[in-house]
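Below: the structure, in structure tokens.
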Amino acid sequence: LNIPTAPRREIVGGFSGANNGTTTKQGSKIMYDFDEGNSTGAAQGPFLNWHAREKLDGSMPSRSFSLRSEDGLEDVTAAMKKSVAFDLETLRTGWCFSNGTPGVAPEWVWNTTPARFDAAQPADRGEDKWKKGFSIRLAIGKDKPASWSQAGAGAWAGLVSLMTAVKADGGQGETAVVAMSDVQEIKFSKGGTSAPEFTFKKWADRPDCLKEEDAAPIVAVDTSDDEF
């Protein structure tokens, strides 16, 4: 990913188990706060999706990333392992409800700011629960914009990894260039999931493909293969 490197400035504060990717200026310093949230939003396509397990139709393997566009589903795991640029200014977090019905947009209850996970979890609908989720824009290569808009434990843990890497670098820029470096296996009392882990590479200017804000169709968030 050949994106010009932006000037580095100090990044302050950030991630202590209750922080998100919005920026707060303090003099010449910028804080990237991130609320991990332990206590209907429109998104632009194409849409990035993390698959903790293999899709039921076999179209995507487990522990992989896909990109869904009008042309169909594309495996972009290899590209995510090289480098992608996340636009942290676009990060939103909150609660998402989707029963997985194809073509039906998910419902979102957004936090006031990514710096605080302040939205109360809505009541369950029968066996269907609202899940912690997020939406963020990124560039896969210089000319391929995407939105990672997803809910579920595996995807959320991936976002936590991303923001942890951002804080650890201690710098600042228009986009954070990172690479998927590993997969974390997460065990629950019943079942488990997996999550992508990211390594920070550099700060970079926002690529032109992320500056274009053309409208795009809204699709349902696919959470059916997030846990197993």
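Source: prediction; values computed, not measured. Throughout, residue positions are numbered sequentially from 1 according to the sequence presented.
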**OP:** Using salt bridge (charged side-chain N to carboxylate O under 4.0 Å, His left out) as the criterion, list what pairs up with Asp124, not counting sequence neighbours.
**Re:** Lys129

Subject >> Minimal non-hydrogen separation, Trp130 against Glu107, with atom names >> reply: CZ3-O, 3.6 Å

Original post:
Are Glu74 and Lys144 ion-paired here, with the side-chain N under 4.0 Å from a carboxylate O?
Top reply: yes

**OP:** Please name all residues satisfying salt bridge (charged side-chain N to carboxylate O under 4.0 Å, His left out) with Asp208, sequence neighbours left out, ordered by chain then number.
**Re:** Lys211

**OP:** Test Phe47 against Leu67 for side-chain contact (heavy atoms from CB on, under 4.5 Å), laying out the working first.
**Re:** CA-CA 5 Å; Phe47 293 90; Leu67 189 67; 5.8 Å; no

Subject >> Pairwise distance SG(Cys96) to CH2(Trp108) - rounded to 0.5 angstrom >> reply: 4.0 Å

**OP:** Supply the atom-to-atom distance Thr90 OG1 to Arg206 CZ, rounded to the nearest 0.5 angstrom.
**Re:** 8.0 Å

Original post:
Thr113 side chain to Ala115 main-chain N or O, any donor-acceptor pair under 3.5 Å?
Top reply: yes

Original post:
Under 4.5 Å between any side-chain heavy atoms of Val177 and Phe86, yes or no?
Top reply: no

**OP:** Start with the C-alpha gap between Met163 and Leu88, add the side-chain angles, then the distance that decides, and say whether side-chain contact (heavy atoms from CB on, under 4.5 Å) holds.
**Re:** CA-CA 9 Å; Met163 297 309 298; Leu88 302 181; 4.1 Å; yes

**OP:** Apply side chain to side chain contact (heavy atoms under 4.5 Å, CB included) to Asn99 and list each qualifying residue two or more places apart in sequence or on a separate chain.
**Re:** Thr101, Asp128

**OP:** For the residue pair Thr93 and Asn111, confirm or rule out a side-chain donor-acceptor distance under 3.5 Å.
**Re:** yes

Original post:
Would you say Gln184 and Ile186 make side-chain contact, with heavy atoms under 4.5 Å?
Top reply: yes

Subject >> Considering all heavy atoms, the nearest Val166-Ala176 contact >> reply: CG2-CB, 4.1 Å

Original post:
Which value, rounded to the nearest 0.5 Å, describes the distance between Lys131 atom NZ and Gln150 atom CD?
Top reply: 9.5 Å

**OP:** Taking the six-membered ring of Phe97 (Phe, Tyr or Trp), confirm whether the NZ or CZ of Arg125 is under 6.0 Å from its centre and within 45° of its axis.
**Re:** yes

**OP:** Could you tell me which residues satisfy side chain to side chain contact (heavy atoms under 4.5 Å, CB included) with Ala179, sequence neighbours excluded, listed by chain and number?
**Re:** Lys201

**OP:** Spell out, as yes or no, whether a donor-acceptor pair under 3.5 Å connects the side chain of Ser161 to the backbone of Phe198.
**Re:** yes

**OP:** Start with the C-alpha distance between Trp203 and Asp169, add both sets of side-chain angles, then the distance that settles side-chain contact (heavy atoms from CB on, under 4.5 Å), and finish with yes or no.
**Re:** CA-CA 10 Å; Trp203 295 99; Asp169 174 74; 2.7 Å; yes

**OP:** Calculate, to the nearest 0.5 Å, the distance between atoms CG and CG belonging to Leu138 and Asp87 respectively.
**Re:** 9.5 Å

**OP:** Give, for atom OG of Ser64 and atom CH2 of Trp50, the distance between the pair rounded to the nearest 0.5 Å.
**Re:** 6.5 Å

Subject >> Closest heavy-atom pair and its distance - Cys209, Gly141 >> reply: SG-O, 4.4 Å

Original post:
Side-chain donor-acceptor pair under 3.5 Å between Asp75 and Ser66, yes or no?
Top reply: no

Subject >> Residues forming a side chain to side chain contact (heavy atoms under 4.5 Å, CB included) with Ser62, sequence neighbours excluded >> reply: none

Subject >> Phe134: ring pair (Phe, Tyr, Trp, His ring centres under 6.0 Å) partners, not counting sequence neighbours >> reply: Trp148

Subject >> Residue pair Met60 / Phe65: nearest heavy atoms and the distance that separates them >> reply: CE-O, 3.4 Å

Subject >> Main-chain N/O of Thr112 paired to Asp118 side chain as donor or acceptor, under 3.5 Å >> reply: yes

**OP:** Would you mind reporting whether Leu73 and Lys55 have side-chain heavy atoms less than 4.5 Å apart?
**Re:** yes

**OP:** Kindly indicate, with the supporting measurements, whether the criterion side-chain contact (heavy atoms from CB on, under 4.5 Å) is fulfilled by Met80 and Leu48.
**Re:** CA-CA 10 Å; Met80 296 295 293; Leu48 185 73; 4.0 Å; yes

Original post:
Does any N or O in the side chain of Thr175 come within less than 3.5 Å of the main-chain N or O of Ala204, such that one atom is a donor and the other an acceptor?
Top reply: yes

Original post:
Got a second to check how far Arg63's CZ is from Glu54's CD, nearest 0.5 Å?
Top reply: 11.0 Å

Original post:
What are the two closest heavy atoms between Pro196 and Gly154, and how far apart are they?
Top reply: CD-O, 3.9 Å

